[in-house]
Participant: 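Before I ask anything, here is the structure I am working with.
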Amino acid sequence: SSAIRVGNVLYLSGQIGNLPGTRQLVDTGVVKQTQQTLENIKAVLTYAGSSLERVFKCTVFLVNIADFDKMNSVYTTYFPKDPPARSTVAGSGLALGAKVEIECLATVGG
């Protein structure tokens, strides 16, 4: 599942920078992959009746922690005001060879 709703909280599965409906990454760089990842998150949130403004926690997984500044330069444009709490960790590998994966929690409903 892309997201599961429990009460008024959406638990989003980790998203990577693949082109919607494919297993193809948008680009080999962390900047474009971060942008596509956040667009994918935005689409899941919209479909589930929520939005980026309702995200309250994100976890970012990076293959290389040295990519933090590049990822953050994109991430902050999607959360320009009152950004959600965030954890960032580095791992040894992500699905499809992605450089970044992001999972989020958001509120939904009234």
Participant: Supply the atom-to-atom distance Q33 CD to D67 CG, rounded to the nearest 0.5 angstrom.
Facilitator: 9.5 Å
Participant: List in chain and number order the residues that pass side-chain contact (heavy atoms from CB on, under 4.5 Å) with S51, two or more places apart in sequence or in another chain; answer none if no residue qualifies.
Facilitator: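 So S51 forms a side-chain contact (heavy atoms from CB on, under 4.5 Å) with E53, R54.
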Participant: CG of L38 to CE of M71: how many Å apart, nearest 0.5 Å?
Facilitator: 9.0 Å
Participant: Could you list the donor-acceptor pairs under 3.5 angstrom formed by side chains in residues 19-26, with sequence neighbours left out?
Facilitator:
residue: T22; atom: OG1; partner: L19; partner atom: O; Å: 2.8
residue: T22; atom: OG1; partner: Q24; partner atom: N; Å: 3.1

Participant: If you take all heavy atoms of V55 and F79, which pair is closest and at what distance?
Facilitator: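 Smallest heavy-atom distance, with atoms named: CB-CE2, 4.0 Å.
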Participant: Look only at the side chain of S50 and the backbone of T107, and say whether a donor-acceptor pair between them is shorter than 3.5 Å.
Facilitator: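 Between the backbone of T107 and the side chain of S50 there is a qualifying donor-acceptor contact (under 3.5 Å).
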Participant: Could you give the side-chain donor-acceptor pairs of residues 4-17 under 3.5 Å, partners two or more places apart or in another chain?
Facilitator:
residue: R5; atom: NE; partner: G7; partner atom: O; Å: 2.7
residue: S13; atom: OG; partner: S1; partner atom: O; Å: 2.5

Participant: In Å and rounded to the nearest 0.5 Å, what is the OG to CG distance from S2 to N40?
Facilitator: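 With rounding to 0.5 Å, OG (S2) is 9.0 Å from CG (N40).
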Participant: What are the two closest heavy atoms between A106 and L45, and how far apart are they?
Facilitator: CB-CD2, 3.7 Å
Participant: Please output the side-chain donor-acceptor pairs of residues 81-101 that fall under 3.5 Å, not counting sequence neighbours, one pair per line with the distance.
Facilitator:
residue: R86; atom: NH1; partner: N72; partner atom: OD1; Å: 2.7
residue: R86; atom: NH2; partner: N72; partner atom: OD1; Å: 3.0
residue: S87; atom: OG; partner: K57; partner atom: NZ; Å: 2.9

Participant: With heavy-atom distances below 4.5 Å as the criterion, would you say the side chains of T59 and I102 are in contact?
Facilitator: no
Participant: What pairs meet the ring-ring contact (aromatic ring centres under 6.0 Å, His included) rule with one or both residues in residues 36-70, with sequence neighbours excluded?
Facilitator: none
Participant: If two hydrophobic side chains count as joined below 4.5 Å and joins carry through other members, does L52 share a cluster with V74?
Facilitator: yes
Participant: Got a sec, which residues hit side chain to side chain donor-acceptor pair (under 3.5 Å) with Y78, two or more places apart in sequence or on another chain?
Facilitator: E39
